[in-house]
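Since the structure comes first, as structure tokens, the remarks are kept for the end.
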Amino acid sequence: MPIKAVAFDVFGTLVRIERPTRPFRKLVRLLGEAGRERQSDDGARAMSNDLDLRQAASLFGGRVSEEALLALEADLHDEIQSITLFPDAVPTLAALKDRGIKLALCSNLAAPYGPPVLKLLPVQPEFCAWSYEAGAVKPQAAIYRYLCDGLACRPEEVLMVGDTLDADMEGPRQFGMHGYHLDRRSAPAPGAESLQSLSEVLRLVDQH
């Protein structure tokens with residue numbers, strides 16, 4: 001069955017943060033210093049709900065001073081301003097669009113990061129499966145179902161690519177999609193299914 005849509009992870013795949021400040025991680029640390037016990041699902045909860053920093057603080061049920069919240073919001077602004085596109089992102093998206101392939105984004109991220117990413121992309125996706133809108137995080141099956149429903153495609157018609165093995169290759173494959181791992185940092189081992197560049201996605205679409 002031919003590929004009708006390609007879904008991309010965002011951070012580490014299409015874009016990178018040049019000056020990371022990690023405000024949500026800092027928030028959890030501050031809450032811990034104030035006496036709140038850290039939970040194993042803190043990250044997933046922050047990314048699967050449509051929340052800003054202040055709302056996340058309320059969700060986690062801890063106390064953070066107004067001064068600390070203002071500092072975190074400044075960190076968030078600085079981090080968002082430092083988001084840049086990888087050089088291979090736009091040419092790949094444009095080439096897929098020219099071929100009539102539907103484009104999508106599928107990413108685990110907190111709500112403040114979604115709109116700035118879209119503003120960076122001159123080629124706009126048909127659908128965004130943001131974790132905070134899907135109410136689920138990769139590699140949970142619910143977010144892949146949300147993606148396929150949004151694209152009006154069957155799982156086997158969707159190719160997913162991203163820089164995290166379980167979220168972008170193994171999880172999608174278990175759901176019935178074509179998942180591929182992007183590893184920009186090292187040469188692939190013989191027989192490995194990792195990609196080194198987004199440009200390789202065009203070859204994969206032709207192969208299926």
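Just so we're clear, the structure is a prediction, and the values are computed from it rather than from any experiment.
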Inter-residue atom distance Asp9.CG - Leu182.CG, 0.5 Å rounding: 9.0 Å
Rounded distance (nearest 0.5 Å) linking atom CZ of Arg16 with atom CZ of Phe86: 5.0 Å
Are [X] and [Y] within salt-bridge range, i.e. N to O under 4.0 Å?
| X | Y | result |
| --- | --- | --- |
| Asp166 | Lys138 | no |
| Asp168 | Arg173 | no |
| Arg154 | Asp149 | no |

For [X], does the [atom1] atom have more than 12 heavy-atom neighbours from other residues, nucleotides or ligands under 6.0 Å away?
| X | atom1 | answer |
| --- | --- | --- |
| Glu66 | CD | yes |
| Glu67 | CD | no |
| Arg63 | CZ | no |

With sequence neighbours excluded, residues passing salt bridge (charged side-chain N to carboxylate O under 4.0 Å, His left out) with Glu79: none
Set of salt bridge (charged side-chain N to carboxylate O under 4.0 Å, His left out) partners for Lys102, sequence neighbours left out: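 With neighbours one apart ignored, the set is empty.
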Pair Phe127 and Tyr146, ring centroids less than 6.0 Å apart: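 Centroid distance Phe127-Tyr146: below 6.0 Å, so yes.
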Heavy-atom check, side chain of Ile143 versus side chain of Val137, under 4.5 Å: no
Candidate pair Arg185 and Asp183, rule salt bridge (charged side-chain N to carboxylate O under 4.0 Å, His left out), full reasoning: CA-CA 6 Å; Arg185 297 168 297 178; Asp183 185 358; 3.7 Å; yes
Among Asp163, Thr13, Asp88, the one residue meeting side chain to side chain donor-acceptor pair (under 3.5 Å) with Arg184: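 Answer to the side chain to side chain donor-acceptor pair (under 3.5 Å) test with Arg184 among Asp163, Thr13, Asp88: Asp88.
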Reference residue Asp75; test side chain to side chain donor-acceptor pair (under 3.5 Å); the match among Lys26, Arg19, Arg22: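 Result for side chain to side chain donor-acceptor pair (under 3.5 Å) with Asp75: Lys26.
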ILVMFWY network linking Leu195 to Leu165, side-chain heavy atoms under 4.5 angstrom: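 No, separate clusters.
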